[in-house]
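To start, the structure itself, in structure tokens.
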There are 2 protein chains.
Amino acid sequence: MPSPTDGPADERADRPLPGRKREARANDTAVLAAAREVFATQGHGASMADVARHAGVGVGSVYRRYPTKDALVEALRVHGVREAARLAAEVADEVERTPREGADGGVGTFLARQITGATGPLLRPTGATGPLPADLAAATDDLRAGLERLVAHDRAAGVLPAGFTTADVMQLLLHLRPSLPFPRAEADALHLRYLGLVLSGLRARSGDGEPLGDGPRWDEWVGAWHD
Amino acid sequence: MPSPTDGPADERADRPLPGRKREARANDTAVLAAAREVFATQGHGASMADVARHAGVGVGSVYRRYPTKDALVEALRVHGVREAARLAAEVADEVERTPREGADGGVGTFLARQITGATGPLLRPTGATGPLPADLAAATDDLRAGLERLVAHDRAAGVLPAGFTTADVMQLLLHLRPSLPFPRAEADALHLRYLGLVLSGLRARSGDGEPLGDGPRWDEWVGAWHD
DNA sequence: GGTGAATCGGAACGGGCATTCCGTTCCGAT
DNA sequence: ATCGGAACGGAATGCCCGTTCCGATTCACC
């Protein structure tokens, strides 16, 4: 009994949903959360059955929402990039409002929070992916905008050398977060240790003469992961 | 040193081998090389059939020398650690002989060469491994000895802050080499870019007052990967 | 040349996992 | 109270991959 003109999407998500749909919606978020946890813990090779079990649903329910394992991973990635974009904007707001926010600068603060954040590391694409999906592209653009603000601010504040790019920030995210065989707290501490080192290096390079060559361009970075 | 793991004692290896054994020996090194390449390219999930094909032998021949996929990966890891130990000793010799070897210091030079070296990244254990095998333990000790020399030298030269440990070097190796979706040359350039940043940070921390907390201890690091 | 042993390559086996299919359950409307 | 259909859980399916097995091949030695 769908409404006569109902298109492919039902967008009003705020109202109290009818019971059965409510469960579906709840299942969906449960699946996403379970997937995030399971993939973070066991890596890419975790089974769909595992995800389903963690979410407390059957595999069928997982597949109804995400037609394929790759699609599920994709959804996770989009979510991760959106979160990162949100964080970048948030930090940019802070540092632009209070110029003396901290010695780390906006980029450093962003990286630190992203590293210790609950969302987990940004997932990398499954492999030979096609052209990048629209929703990911949009999220990616938002992220870039936020990073642009951070980099501009820090450069003006003199804690970033010329040649440092927004793509550098993404690369650092990758570099600063290899999975370590330690409990989360210890691993985070180690990651922050190296972040601190890099930030010192950045500040030193910014202060003294020794220049840093030009970093990768954003579109190079995005392009390299797709197609 | 051809003996992959251990075997019945037929170790007279120097003389020109009889034809058939020569082929076996050749196959063995071909398999090792193929495995290194295939795993480096396709990651851990590459199939044994792929390895065999790359080596130009049948799967049966691979399994005759390496009873299991994990055993093959193990052999690769041991090889990698041995190479790293050799490199560390070599660089230590250089910097100890010519004190002004370069601004990078011994640790920086070691990291740079290890990153761009042909041996590829150090593989991480398969997962829940048991206690660490004897040959790996020996290679690991050699590596530690070499790193100890490098760290001592650099600290004396004033390019490393107190608190920086040999285990830090290993962690840095992990941090500095995430796989990047770029051709080898470009990826290497990026890795070296971040290595340069870290080294700047290290030098800065060494010069100015701001201390670096104590890094991980070697045995913690080794222990975390096994058992 | 002929023979036995060691090695080879690849077909066959078994298990695990992504994906599909279907009988059951539950909600809302009649 | 009953019915239609949407959502559910999990069994069944098909494929890929690690591993095993075996007949063919090759070489050393006679």
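Not measured: the values here are computed from a predicted model. Chain letters run A, B, ... following the sequence lines, proteins first and then strands; every chain starts at 1.
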Worksheet, complete the sentence: Read 5' to 3' with Watson-Crick or G-U pairs under 3.5 Å, [ ] for crossing pairs and | for partners on another strand, DNA chain C gives ||||||||||||||||||||||||||||||

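- Listed by chain and residue number, A:Ser61 satisfy the side-chain contact (heavy atoms from CB on, under 4.5 Å) test with A:Arg64 (two or more places apart in sequence, or in another chain).
- Among residues two or more places apart in sequence or in another chain, the salt bridge (charged side-chain N to carboxylate O under 4.0 Å, His left out) test is passed with A:Glu220 by A:Arg217.
- Among the nucleotides C:dC8, D:dG18, D:dA7, the one closest to any side-chain atom of B:Ser61 is C:dC8.
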Listed pairs, N/O of protein and of nucleotides 21-23 of chain C, under 3.5 Å:
none

For residues 79-92 of chain A, run the donor-acceptor check on the side chains, cut-off 3.5 Å, and write out each pair with its distance to 0.1 Å, sequence neighbours left out.
{"residue": "A:His79", "atom": "ND1", "partner": "A:Arg36", "partner atom": "NH1", "Å": "3.3"}
{"residue": "A:Glu83", "atom": "OE1", "partner": "A:Arg86", "partner atom": "NH2", "Å": "3.2"}
{"residue": "A:Arg86", "atom": "NH1", "partner": "A:Glu90", "partner atom": "OE1", "Å": "3.0"}
{"residue": "A:Glu90", "atom": "OE2", "partner": "A:Arg113", "partner atom": "NH1", "Å": "3.2"}

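- In this structure B:Glu186 satisfies the salt bridge (charged side-chain N to carboxylate O under 4.0 Å, His left out) test with no other residue, sequence neighbours excluded.
- Looking at residues two or more places apart in sequence or on another chain, you find a side-chain contact (heavy atoms from CB on, under 4.5 Å) between A:Val222 and A:Leu132, A:Thr140, A:Trp218.
- Partners of A:Asp214 according to the salt bridge (charged side-chain N to carboxylate O under 4.0 Å, His left out) rule, which considers only residues two or more places apart in sequence or in another chain, do not exist here.
- Residues in residues 170-199 of chain A take part in these ring-ring contact (aromatic ring centres under 6.0 Å, His included) pairs, two or more places apart or across chains: A:His175-B:His191, A:His175-B:Tyr194, A:His191-B:His175, A:Tyr194-B:His175.
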Dump every N/O contact between nucleotides 13-16 of chain C and the protein below 3.5 Å, one line per pair.
none

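- Under the rule for a side-chain contact (heavy atoms from CB on, under 4.5 Å), the partners of A:Ala49 that lie at least two apart in sequence or sit in another chain are A:Ser47, A:Arg53, A:Val59.
- In this structure, the side-chain contact (heavy atoms from CB on, under 4.5 Å) partners of B:Pro181, at least two apart in sequence or on a different chain, are A:Ala224, A:Trp225.
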